[in-house]
There are 2 protein chains.
Amino acid sequence: MDTRERLVESTRELLWERGYVGTSPKAIQERSGVGQGSMYHHFAGKTDLALAAIQRTAADLRAAAAADLDGPGSPADRVMAYLRRSREVLRGCPVGRMTQDPDVATDRRLRQPLADTFEWLRGRLAAVLAPALPDGVPAEAIAATILATLQGGYVLARAAGDTEPFDRAIDGIQELLTRTMGG
Amino acid sequence: MDTRERLVESTRELLWERGYVGTSPKAIQERSGVGQGSMYHHFAGKTDLALAAIQRTAADLRAAAAADLDGPGSPADRVMAYLRRSREVLRGCPVGRMTQDPDVATDRRLRQPLADTFEWLRGRLAAVLAPALPDGVPAEAIAATILATLQGGYVLARAAGDTEPFDRAIDGIQELLTRTMGG
DNA sequence: GTCTATACAACGATAGAC
DNA sequence: GTCTATCGTTGTATAGAC
């Protein structure tokens with residue numbers, strides 16, 4: 001792995017663990033094993049590094065979701081596969097967690113990948129759901145609810161220090177969806 | 001408002017806006033108009049101040065929820081009143097946002113009020129829902145899903161920089177609940 | 001490209017006078 | 001109780017040699 005790569009990967013880890021405000025250039029240097037001068041040669045500063053890291057994390061998340069949503073089975077199967085995919089719940093969502101960072105939320109460039117990712121996810125989910133929903137049930141709203149359940153599940157689990165609330169929230173949305181979609 | 005009170009209120013505001021990691025003692029002093037020596041006379045340090053602020057914010061949130069959930073109307077009415085209550089969506093949930101703060105999540109004392117609040121909310125919601133749900137639908141899971149939808153709605157809205165995803169998520173859960181509970 | 005040195009503000013607190 | 005002074009560390013770079 002080259003130097004640039006090590007910097008981006010270390011930044012991704014630290015942003016996931018500690019957020020933007022909680023991540024220092026020094027910590028990135030230590031984790032990556034890259035020196036001060038070298039880091040500032042490859043990136044203009046903390047913001048630039050964070051942008052690269054966030055963009056890659058967002059792209060990874062979209063790819064992982066696409067693998068489930070474009071997989072085999074009925075629309076309902078694919079949505080459930082997405083919902084039930086194994087996740088590192090107590091670490092939180094690496095994309096969603098950035099929305100709580102004041103310096104990310106207020107920086108257009110840093111926030112853009114987050115906005116794009118969730119908008120894309122909602123569209124994909126809605127497209128999969130639409131043919132399985134009864135007439136008159138708005139797919140876009142159900143898609144938003146599913147995404148929110150996941151993101152909120154992470155929040156509840158981290159508050160509890162336990163994955164149980166996340167799992168219950170998924171159980172609940174699955175129950176509601178099953179009763180609405182049928183089967 | 002006395003000195004202690006001004007400190008706690010200023011800390012609450014700052015924790016909501018910037019989180020724990022992003023809030024400095026100095027910023028608290030400036031916002032409250034309380035001096036350095038005075039602040040450290042009343043509180044042992046940043047953690048102690050944050051604990052008082054988080055406890056109060058959590059208590060406020062429970063009181064506001066109780067007002068809706070114990071209000072007039074059918075179980076469904078009360079749940080919808082809670083879901084539809086006016087919120088400052090783009091500011092995020094003052095309790096939920098703390099779960100993303102690494103120094104809060106790893107500190108038992110700071111995390112406890114968050115855990116207690118969501119556990120209490122889930123229990124109250126489940127108690128209201130239970131008589132309105134068809135047999136075999138687990139109230140605890142539906143309650144977790146409702147809470148998660150709210151918390152996740154905040155996340156999606158902040159990512160978008162717009163309240164629309166929050167509103168859609170609420171629309172979706174309302175639709176699903178209505179179809180399951182009946183009209 | 002990478003290294004070391006330097007800079008200067010902010011962080012989070014403690015000390016001691018009043 | 002409140003004030004000012006001081007402290008050691010970290011944050012976030014920039015400068016210039018190699």
Side-chain angles (χ1 to χ4, degrees), chain A residues 1-55 97-98 100-111, chain B residues 1-57 97-98 100-111:
Chain A
M1 204 160 47
D2 73 3
T3 302
R4 247 192 105 84
E5 192 62 14
R6 290 211 311 280
L7 285 166
V8 173
E9 287 302 315
S10 297
T11 303
R12 288 177 37 157
E13 292 174 15
L14 284 162
L15 288 182
W16 195 0
E17 291 167 21
R18 305 202 34 88
Y20 182 82
V21 170
T23 295
S24 69
K26 189 178 181 185
I28 296 170
Q29 291 153 32
E30 281 165 0
R31 180 156 316 198
S32 63
V34 170
Q36 179 98 328
S38 194
M39 190 193 101
Y40 281 104
H41 171 76
H42 290 286
F43 293 92
K46 177 176 166 174
T47 304
D48 191 28
L49 214 23
L51 180 59
I54 290 173
Q55 284 172 338
R97 73 113 52 237
M98 303 310 299
Q100 301 305 321
D101 230 302
D103 295 353
V104 171
T106 58
D107 182 319
R108 271 208 151 291
R109 297 188 60 219
L110 292 179
R111 188 167 57 74
Chain B
M1 202 160 49
D2 73 3
T3 302
R4 247 191 105 84
E5 191 62 16
R6 291 212 310 280
L7 285 166
V8 173
E9 287 303 314
S10 297
T11 302
R12 286 177 32 148
E13 292 174 16
L14 284 163
L15 288 182
W16 195 359
E17 291 167 21
R18 305 203 33 89
Y20 183 82
V21 171
T23 296
S24 68
K26 188 177 181 183
I28 296 170
Q29 291 153 31
E30 282 165 359
R31 179 155 317 195
S32 63
V34 170
Q36 179 99 326
S38 194
M39 191 193 101
Y40 281 104
H41 171 75
H42 291 286
F43 293 92
K46 178 177 167 175
T47 304
D48 191 27
L49 213 24
L51 180 59
I54 290 173
Q55 284 172 339
R56 184 175 301 178
T57 295
R97 73 116 46 241
M98 303 310 299
Q100 301 304 323
D101 230 301
D103 295 353
V104 171
T106 58
D107 182 319
R108 272 207 150 290
R109 298 187 61 217
L110 292 180
R111 186 166 58 72

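If you're wondering where the values come from, they're calculated on a predicted model, not measured in any experiment. Sequence lines set the chain letters: A, B, ... in the order given, protein chains first and strands last, and positions in each chain run from 1.
- Out of D:dT14, C:dA13, D:dG1, the shortest distance to the side chain of B:His42 is found at D:dG1.
- For the pair B:Thr3 and D:dG1, the criterion of a side-chain N or O lying under 4.0 Å from OP1 or OP2 is not met.
- B:Tyr40 has its OH atom 8 Å from the P atom of C:dG12, to the nearest Å.
- Between A:Lys26 and D:dG11 there is no side-chain polar atom (N or O) within less than 4.0 angstrom of OP1 or OP2.
- At whole-Å resolution of the value, CE in B:Met39 and C1' in D:dT4 are 16 Å apart.
- Atom pair B:Arg4:CZ and D:dT2:P shows a separation of 12 Å (rounding to whole Å applied).
- Residues B:Leu7 and B:Ser32 approach most closely at CD2-OG, 3.6 Å, considering heavy atoms.
- Positionally, the nearest nucleotide of DNA chain D for B:His41 lies more toward the 5' end than for the other of B:His41 and A:Ser24.
- Counting to the nearest Å, the P atom of C:dC11 and the CD1 atom of B:Ile28 are 11 Å from each other.
- The nearest whole Å value for the distance from the CG atom in A:Leu49 to the C1' atom in D:dG11 is 14 Å.
- A:Thr47 comes within contact range of no nucleotide atom at all, as no heavy-atom separation falls under 4.0 Å.
- Shown here for A:Val21 and B:Gly22, the closest heavy-atom pair between the two residues is CG1-CA, 3.7 Å.
- Within the 4.0 angstrom heavy-atom criterion, only backbone atoms of the sugar-phosphate kind lie near B:Gly35; the bases stay farther away.
- One interatomic measurement links the two molecules: CD of A:Gln29 to P of D:dT14, which rounds to 13 Å at whole-angstrom precision.
- At whole-Å resolution of the value, CD in B:Gln36 and C1' in C:dA13 are 7 Å apart.
- Nearest heavy atom pair, residue A:Tyr40 against residue A:Gln29, reads CE1-NE2, 4.4 Å.
- C:dC11 atom P lies 11 Å from atom CG of B:Leu14, rounded to whole Å.
- Side chain of A:Pro25, nearest nucleotide from C:dT2, C:dA13, D:dT12: D:dT12.
- Residues A:Glu9 and A:Arg6 are not paired through a salt bridge, judged by the lack of any N-O separation under 4.0 Å between the basic side chain and the carboxylate.
- When every heavy atom of A:Arg111 is checked against every heavy atom of A:Val104, the shortest pair comes out as CB-O, 3.7 Å.
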